[in-house]
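Side chains included, hydrogens not; waters and symmetry mates left out as well; all remaining heavy atoms used.
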Amino acid sequence: LYGLSLTTADHGALLIQLTTLIVPVVQGAMGVPIPKRIGTSVALALAGVLLFTQDPAGGGGDGAGATLRGDGLCVLAAVFYATYDLRLFEWGKKVT
């Protein structure tokens, strides 16, 4: 929640959803076969995230620093949630 308080609502919402991009990338790195269509979708979505989160004013000032810090914390939250999701996937396979 702290990261969301330091960034704009649109940046926070979009960056938290990076989890949906991180999970297939990490699964692919772990050897899980990822369909080409999913890989293409991840690349396009990541390009969209990068374009959407660019600061058209070029940064500067305390507000930009707070937004950058909030963006970073939102990305970190997405990484932690993706880690949870990946571990849950592995543990779920052991239970069934």
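- Every residue was checked against the side-chain hydrogen bond (donor to acceptor under 3.5 Å, both in side chains) condition with Thr20, not counting sequence neighbours, and none meets it.
- Under a hydrophobic clustering in which Ile, Leu, Val, Met, Phe, Trp and Tyr are joined whenever their side-chain heavy atoms come within less than 4.5 Å, directly or via other members, Leu15 and Val79 fall into the same cluster.
- Separation of atoms CD1 (Ile16) and CG (Leu73) is listed at 9.5 Å; rounding is to 0.5 Å.
- Here CG of Leu68 is found 10.5 Å from CG of Leu6. Values are rounded to the nearest 0.5 Å.
- Of all heavy-atom pairs spanning Gly12 and Cys74, the tightest one is CA-SG, 3.9 Å.
- In the hydrophobic clustering of this structure, Ile34 groups with Met30; members are Ile, Leu, Val, Met, Phe, Trp, Tyr whose side-chain heavy atoms approach within less than 4.5 Å, directly or through other members.
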Taking distance alone, no hydrogens or angles, what donor-acceptor pairs closer than 3.5 Å link side-chain atoms of residues 39-50 to residues at least two apart or in another chain?
unit_1: Thr40; atom_1: OG1; unit_2: Lys36; atom_2: O; d: 3.0
unit_1: Ser41; atom_1: OG; unit_2: Arg37; atom_2: O; d: 2.8

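- Qualifying side chain to side chain contact (heavy atoms under 4.5 Å, CB included) partners for Ala82, counting only residues two or more places apart in sequence or in other chains: Thr19, Ile22, Val23.
- In the hydrophobic clustering (ILVMFWY side chains linked at under 4.5 Å, chained through shared members), Tyr81 is joined by Tyr84, Leu88.
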